[in-house]
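First up is the structure itself, then whatever we jot down about it.
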Amino acid sequence: MPRSAWIIGNTDGIGRALTRRLLSRGWGVTGISRSESKLTDTGYEHHVTDVTATGYPALLARLIERGLPELVVYCAGIGEELNLEDMHLEPRTFEVNLLGMVRTAAAVIPPMVARGSGHFIGLSSLADVLALPDATAYCASKAGFSNYLAGLARATRKTGVAVTCVRFGFVDTKMAKGTVRPLMLPVERAVDHLEGCIRRRPARHTAPRLMIPLVQLTRFATWLGIGG
Ligand SMILES: NC(=O)c1ccc[n+]([C@@H]2O[C@H](COP(=O)([O-])OP(=O)(O)OC[C@H]3O[C@@H](n4cnc5c(N)ncnc54)[C@H](OP(=O)(O)O)[C@@H]3O)[C@@H](O)[C@H]2O)c1
C-alpha cells in the first residue's frame, strides 16, 4: 500500500512542491485548494475548496469516510499588508491561517487518535514571535497557530499521533514578497526540511536556524521602539 497524505493549500508554493516530492516518492496524495491543480499524476486527487467555506469540514468528513491518511500537512496561508484605511482583510488572515488549520485538526486528529497513528504538520512562521506593524494579522495568526500546535503536540504525545509545528523564515514563493528577505530558503530546501519532519516527527522545527538571532534582534528593536 502506498503511504497517503493530504496537503491543504497546494496549488502553489511550498504545498505544491511538497505534493510533487511525495508523489515522486510513491505516496498517494490528496490536495485541497481554492484553485484547480495542474497535477496529473495517477497517485493524485484534487478538491477545490476554500478552507473558510462552511462546507470545508463536511468535505473533510467525506474524505475521512473513504480513508484516513497517515499524514496531513496544513500549508494554506495568506499574508496581507496592514492598511489602516481599510482593515477588512484582517479577519480573513485569521480565518485562513489559524481557523482553517484548527478546523482541519478538529476533523482529522480525533480519528487519528482513535486509530492510534497519524501525523499532523502545520506550517507556521518565525514571525510567530514578532509584532510587525505592516503584518499585524499575519504575525498574530501565526502566534496563535504555533501556540495551538504546541499544546496539541503535548495533548497527543501518548496516543501514537504526532503533531509538528514548522517555523520557516523566508521561503522563495510568491508569499515572500518583501524586498529584504535574509537567508531565504529555496522551496526545494524547505521541502527537504518537511521530509525530515515527516521522518523524525518533532513537535517543533525551525528553519533556517540562523534566522533565530535575526528574529531576536528584531524583537529587541521593537522593545527599544526602533522601526515603528
Ligand atoms: N514563503 C514564505 O516565506 C513563508 C515563510 C514562513 C511560513 N510560510 C507559511 O507556509 C505556508 C505556505 O506558504 P507559501 O509560501 O507556499 O504560500 P503560497 O505560495 O502563497 O501558497 C499558498 C497556498 O495556500 C492556498 N490557499 C490560500 N488561501 C486558501 C484558502 N482560503 N483555502 C484553501 N487554500 C488556500 C493557495 O492555493 P489557492 O490560491 O489555489 O487556494 C496556495 O496553494 C503558509 O502558511 C505561510 O504562512 C511561508
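Whatever order the structure lists ligands and atoms in, that order sets their numbers, starting from 1. All of these numbers come straight from a predicted model, not from anything done at the bench.
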**Report entry** Set of residues satisfying ring pair (Phe, Tyr, Trp, His ring centres under 6.0 Å) with respect to His46, sequence neighbours excluded
**Finding:** Tyr44

Report task. Using a strict cut-off of 4.0 Å, indicate which atoms of ligand 1 neighbour a heavy atom of Lys174. Result -> 18 (P), 19 (O), 20 (O), 21 (O)

Query - Results of salt bridge (Lys or Arg N to Asp or Glu O under 4.0 Å) for Arg66 - residues two or more places apart only - result: Glu45

**Report entry** Non-hydrogen atom of Lys142 closer than 4.0 Å to ligand 1
**Finding:** yes

Report task. May I ask which of Gly169, Ala53, Ala76, Gly31 has a heavy atom nearer to atom 4 (C) of ligand 1 than the others do? Result -> Gly169

Report task. Under 4.0 Å, heavy atoms only, figure out whether ligand 1 is touched by the backbone of Asn10, its side chain, both or neither. Result -> backbone

Query raised in the report: With a cut-off of 4.0 Å, which atoms of ligand 1 are near a heavy atom of Thr11?
Result: 37 (O), 38 (P), 40 (O), 43 (O)

Query raised in the report: Do His205 and Thr164 have a side chain donor and acceptor closer than 3.5 Å?
Result: no

Query raised in the report: Under 4.0 Å from any heavy atom of Leu123, which atoms of ligand 1 are there?
Result: 10 (O), 11 (C), 45 (O)

Requested in this report: From the options Asp50, Val166, Asp12, select the one whose nearest heavy atom is closest to atom 31 (N) of ligand 1.
Outcome: Asp50

Report task. Determine, considering heavy atoms only, which of Met175, His46, Glu36, Arg34 sits nearest to atom 17 (O) of ligand 1. Result -> Met175

Report summary line: Within the 4.0 Å heavy-atom cut-off, what Ala127 brings close to ligand 1 is neither

